[in-house]
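A quick note: this is a predicted structure, and the numbers were derived from the prediction, not measured. Just so you know, ligand 1 is whichever comes first in the structure, and atom 1 is the first atom listed for that ligand. The chain is numbered in sequence order, starting from 1.
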Amino acid sequence: MNPNSLLSMRDLNTEDIYRILDDAQAFSFAYQDWQLPQRTLIANLFFENSTRTHHSFVSAELQLGALISDFSAEASSVKKGESLYDTVRTFESIGYHAVVIRHPQDAYFKELENIKIPVLNAGDGCGNHPTQCLLDLLTMRQEFQCLENLRVLIVGDIDHSRVAHSNREALEMLGSTVRYSGPKQWVSDQKIYMDLDEGIQWADVVMLLRIQRERGASIQMDAGRYLQTYGLTKERYARMKEHAIIMHPAPVNRGVEIDDALVECEKSRIFKQMENGVLVRKAVIKRAFALPFMKGASNERA
Ligand code: CP
């Protein structure tokens, strides 16, 4: 596997994380014109639906001057039985310099150890979502200026959430505290379970998750009752700390895990997270090619 791949937050140490976050922030001001070498080809292989991750990778790639391929599994030879490994090996053979992959299988990348070009994980099953985690960290750092000693409450369908898993790994590594809340049947690790009403008053960050029905999550409750029992209602919002913020990886099911009126309220950073997604993905692509910042025109590709 290429050492500049990004598969899981476990691939990164604290120094790597801060370097990516610094680069992401630099893309928002000092290095807006920074470009990849000419004719850098990147393929986006999404085997699962996505709006934010897919199209913020596309936005980042186009802004950095890459040439991109938007693969569709439905229209590809995957339908003829081609394996993931052979699909990625094909993109490598036909001249692509990196691949971005979202796939429903946990740790799909274990099949790709012989691939030499960088692989950027855009989400694997219930496993990992490293670029979502990095954009979440960037959003928290912009708010609190540091990532130590934060109290982060993640609420909802924890066991099916690659976002919860990646965020817990990274935040604990960085010196923050994560607690999980929501329906107990979706929180296997009860050691860090916290009652929602207690957690709302404890947290600096309240991160809400949607119910991942596509991964088998189900609950015998209508939306209104779910919101009252496990969601962020206006009453709970009123009890959040003054400085606390609301996050959600989205897509949001308005009126289920969060009251519709709170999605764009003062404490919400949900659309800021999406904005930060493009910056983080630019930084992760820059890292994939081990390139330094150089202002202005792109390098020639060797
Ligand atoms: N947060 C996230 O991964 O959204 P998409 O599924 O739309 O990419």
Side-chain angles (χ1 to χ4, degrees), residues 6-9 20-21 24 42-63 68-74 99-109 119-140 142 152 154-171 178 182 186 205-217 232 245-254 256-258 262-264 268-285:
L6 178 60
L7 308 174
S8 147
M9 291 306 288
I20 292 170
L21 299 184
I42 303 178
N44 299 309
L45 312 182
F46 279 72
F47 293 84
E48 250 189 13
N49 294 346
S50 167
T51 298
R52 274 145 293 276
T53 313
H54 189 164
H55 295 284
S56 64
F57 261 114
V58 167
S59 176
E61 291 155 1
L62 293 175
Q63 290 182 50
I68 64 170
S69 168
D70 265 329
F71 163 91
S72 151
E74 285 300 306
V99 286
V100 175
I101 303 177
R102 171 172 287 190
H103 200 282
Q105 186 186 314
D106 287 15
Y108 67 79
F109 40 78
V119 175
L120 304 179
N121 182 11
D124 60 287
C126 303
N128 305 271
H129 199 344
T131 60
Q132 177 70 44
C133 175
L134 288 161
L135 74 88
D136 291 342
L137 296 178
L138 181 63
T139 307
M140 290 180 216
Q142 288 168 347
V152 180
I154 308 182
V155 188
D157 181 5
I158 303 291
D159 285 349
H160 297 104
S161 174
R162 51 198 177 206
V163 177
H165 302 148
S166 286
N167 269 298
R168 181 182 177 185
E169 280 166 6
L171 284 160
V178 174
W186 294 337
V205 177
V206 176
M207 184 182 292
L208 303 156
L209 303 174
R210 77 183 166 86
I211 304 169
Q212 304 213 22
R213 297 191 195 280
E214 74 276 25
R215 295 188 212 293
L232 187 62
I245 60 169
I246 300 166
M247 296 176 65
H248 191 312
V252 176
N253 289 136
R254 291 175 182 247
V256 183
E257 64 270 14
I258 180 170
L262 300 178
V263 174
E264 296 183 68
S268 172
R269 298 294 177 271
I270 296 172
F271 287 91
K272 185 70 184 170
Q273 286 171 264
M274 297 179 203
E275 200 180 308
N276 284 336
V278 178
L279 300 176
V280 154
R281 287 168 181 128
K282 284 183 179 178
V284 165
I285 292 166

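Of the options Glu61, Arg102, His55, His54, a side chain to side chain donor-acceptor pair (under 3.5 Å) to Asn44 is made by Glu61 and by none of the others.
Counting only heavy atoms of the protein, atom 7 (O) of ligand 1 lies nearest to Thr51 N, 2.8 Å. Given atom 6 (O) of ligand 1, the protein heavy atom at minimum distance is Arg102 NH1, 2.9 Å.
The shortest distance between side-chain heavy atoms of Arg269 and Asn276 does not fall below 4.5 Å. Looking only at side-chain heavy atoms (C-beta outward), Ile211 and Asn253 stay at 4.5 Å or farther from each other.
Of all non-hydrogen atoms in Tyr108 and Ala122, the two that sit nearest each other are OH-N, 4.3 Å.
Using a 4.0 Å cut-off to heavy atoms of Thr53, the atoms of ligand 1 that qualify are 2 (C), 3 (O), 4 (O), 5 (P), 8 (O). Taking every non-hydrogen atom of Gln132 and a distance limit under 4.0 Å, the qualifying atoms of ligand 1 come out as 1 (N), 2 (C).
The closest approach between a heavy atom of Ala250 and any atom of ligand 1 is below 4.0 Å.
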Would His160 and Arg210 count as a side chain to side chain donor-acceptor pair (under 3.5 Å) here? Give the steps. CA-CA 10 Å; His160 297 104; Arg210 77 183 166 86; over 6 Å; no
Would you check, one step at a time, whether the test side chain to side chain contact (heavy atoms under 4.5 Å, CB included) holds for Val155 with Glu257? CA-CA 8 Å; Val155 188; Glu257 64 270 14; over 6 Å; no
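For atom 3 (O) of ligand 1, the nearest non-hydrogen atom from the set Glu48, Arg210, His55, His129 belongs to His129. Of the listed options Gln273, Arg52, His248, Arg52 places a heavy atom closest to atom 4 (O) of ligand 1.
The shortest N/O to N/O separation between His54 and ligand 1 does not fall below 3.5 Å.
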